Asks: 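Before anything else, here's the structure in question.
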Amino acid sequence: MYKTIEWTDEGIVMIDQRVLPLEEKYVCLTHYQEVAAAIREMVIRGAPAIGVAAAMGVALGMKRLPPETPPAEVTGAFGRICGELAATRPTAVNLFWAIRRMQQKFDELTGEPLPAQQAGLIAEACRIHEEDIAANRRLGEYGRALFTADTTFLTHCNAGGLATGGYGTALGVIRAVHESGRKVAVFADETRPFLQGARLTAWELQQLNIPTTVITDNMAGHIMAQGKIDAVVVGADRIAANGDTANKIGTMMVAVLAATCQVPFYVAAPLSTVDFELAEGRGIPIEQRDPREVTHIRGLQLTPDGVSAANPAFDVTPHPYITAIITDRGVAFPPFNETLARLAGR
Ligand code: MRU
C-alpha cells in the first residue's frame with residue numbers, strides 16, 4: 001500500500017502525485033525549501049495533506065539548525081520557515097491551521113535547549129499526521145451511517161488517502177460504506193485541468209476494488225439527469241462559518257447540477273477545514289495557477305499560440321446547495337453557522 005507522506009530519519013518521503021498513475025515514484029526531501037516547492041508544484045496536494053506536509057516542513061527546517069544556534073536566531077529561523085511554507089498555496093486553510101499548531105508548540109517549548117525544541121516539533125508534526133488519519137476514519141464512520149443502502153456516488157477531484165494523511169475524506173466516506181458491505185460504485189469527474197479525478201481518484205479506487213467510471217467534467221449533469229447517481233460527495237479546502245465551501249474548481253457546477261437533478265450533495269471534511277474567522281465564502285482567497293496547466297497537458301499544446309487562459313484552482317459552493325457537511329465530530333445539517341459551531345464546541 002502506498003504512503004502519501006512519511007517522516008523518516010533521512011527526510012520527508014512523499015509519493016510524487018504529478019506522475020501518478022503512470023509511475024509510483026517517491027521523493028525524499030531534506031530541506032524545508034524543497035517541501036515548500038513540493039507543495040507549490042503539487043508533488044503533494046489536497047488540503048489535509050498539505051497541512052501535514054507544512055507541519056513536517058517546519059520540523060525539518062528546525063531540525064537542520066546547528067546545536068549552537070543562539071535563541072534569537074532560532075526564533076528568527078522559525079518565523080522565516082513558517083512564512084515560506086505559508087506562502088505556498090493560499091486557499092486550503094489546513095496549511096495555516098497546521099502552521100499555527102507548530103507555532104503553539106514552539107511557544108510552549110520556549111526556553112528549552114534547541115535539541116528538545118527540535119524533538120518536540122518533530123513529534124508535533126507526526127502527531128498532526130496521525131490525528132488527521134484518525135479524523136478521517138471517524139468522519140468515514142459518520143458518513144457511513146448516512147448511506148444504509150447500496151449507493152452510487154459521484155465525486156469531484158481527489159479527496160482520498162493521497163489528499164490527506166491517509167484514508168481520505170470524501171473517499172473516506174465512500175470507503176467506509178464499501179467496508180460496511182454495501183455495494184458501492186463511483187463516477188469520478190476527470191477534474192480539469194490537473195486531472196486529480198482521472199489520475200488519482202481512479203487509481204485509489206482501483207486499489208480498493210471499488211467499481212469506478214471516469215467521466216469528463218461536462219458529463220456530470222447528463223449522468224445525474226439519467227438518475228444514475230444517489231449522492232455526490234466531495235472534499236473541501238476551506239469552509240466558511242456559514243457552510244460556504246471552497247473546493248476544486250468545478251465543484252460549484254456539480255452542486256448546482258445536483259440540486260437541479262435532486263441529488264443530495266455532501267461535503268466531507270475535518271473540522272480543521274472550517275475557518276470560523278470567515279463569516280461567508282466570499283472572503284476565501286482563490287489560488288490562481290499557471291495558465292499553462294490549461295493550455296498544455298504533459299507538454300502537449302492544446303490551444304493556439306498566444307491565446308490567454310484562466311486557471312482559478314478553486315470555486316466556492318454557496319451553502320444552500322449543500323445537503324450536509326460530514327466532519328470528524330459528526331454530521332452538520334443546515335443552518336451550518338449553528339451546527340458547525342456546535343460541533344466545534346464554540
Ligand atoms: O489543488 P488540489 O489538488 O490540492 O485540490 C484538492 C481539492 O480540492 C480537494 O478536494 C480538497 O483539498 C479536499 S482533500 C481531502
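For ligands, and for the atoms within them, numbers begin at 1 and follow the listed sequence. Source: prediction; values computed, not measured.
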Asks: Closer than 4.0 Å to some heavy atom of Gln196 - which atoms of ligand 1 meet that?
Replies: 1 (O), 2 (P), 3 (O)
Asks: Which one of Arg238, Arg89, Glu287, Arg289 has a non-hydrogen atom at the shortest distance from atom 2 (P) of ligand 1?
Replies: Arg89
Asks: Which of the atoms of ligand 1 are close to Thr164, meaning less than 4.0 Å from one of its heavy atoms?
Replies: 15 (C)
Asks: Measure from the ring center of Phe147 to the ring center of Phe153 and say whether it is less than 6.0 Å.
Replies: yes
Asks: Which ligand 1 atoms are under 4.0 Å away from a heavy-atom of Phe314?
Replies: 1 (O), 5 (O), 8 (O)
Asks: Counting each atom of ligand 1 from 1 as listed, which ones have a heavy atom of Asp237 under 4.0 Å away?
Replies: 7 (C), 8 (O), 9 (C), 11 (C), 12 (O)
Asks: Under 4.0 Å from a heavy atom of Thr169: give me the atoms of ligand 1 that qualify, with their elements.
Replies: 15 (C)
Asks: Could you list the atoms of ligand 1 found under 4.0 angstrom from a heavy atom of Ala163?
Replies: 14 (S), 15 (C)
Asks: Which ligand 1 atoms are under 4.0 Å away from a heavy-atom of Asn247?
Replies: 7 (C), 8 (O), 9 (C), 10 (O), 11 (C)
Asks: Keeping to residues at least two apart or across chains, list the ring-ring contact (aromatic ring centres under 6.0 Å, His included) pairs with something in residues 106-144.
Replies: Phe78-Phe106
Asks: Is Ala236 near ligand 1, meaning one of its heavy atoms is under 4.0 Å from it?
Replies: yes
Asks: Below 4.0 Å from ligand 1: does a non-hydrogen atom of His156 turn up there or not?
Replies: no
Asks: Check Glu190 with Arg192, please: is the shortest side-chain N to carboxylate O separation under 4.0 Å?
Replies: no
Asks: If we only consider heavy atoms of Thr91, is any one of them less than 4.0 Å away from an atom in ligand 1?
Replies: no
Asks: Going by the rule side-chain hydrogen bond (donor to acceptor under 3.5 Å, both in side chains), which residues pair with Thr69 if we only count those two or more places apart in sequence or in a different chain?
Replies: none
Asks: Can Arg138 and Glu141 be counted as an ion pair, charged N to O under 4.0 angstrom?
Replies: no
Asks: Salt-bridged, Asp290 to Arg292, with N to O below 4.0 Å?
Replies: no
Asks: Does a side-chain N-to-carboxylate-O contact under 4.0 Å join Glu130 and Arg127?
Replies: no
Asks: Decide yes or no on side-chain contact (heavy atoms from CB on, under 4.5 Å) for Leu114 and Val74, but give the supporting numbers first.
Replies: CA-CA 8 Å; Leu114 182 55; Val74 170; 4.0 Å; yes
Asks: Heavy-atom contacts with Ala159 under 4.0 Å: which atoms of ligand 1 show up? List them by number with element.
Replies: 14 (S), 15 (C)
Asks: Under 4.0 Å between a Lys/Arg side-chain N and an Asp/Glu carboxylate O for Glu23 and Lys25?
Replies: no
Asks: Should the proximity of Pro48 to ligand 1, defined as any heavy atom under 4.0 Å, be assigned to the side chain, the backbone, both, or neither?
Replies: side chain
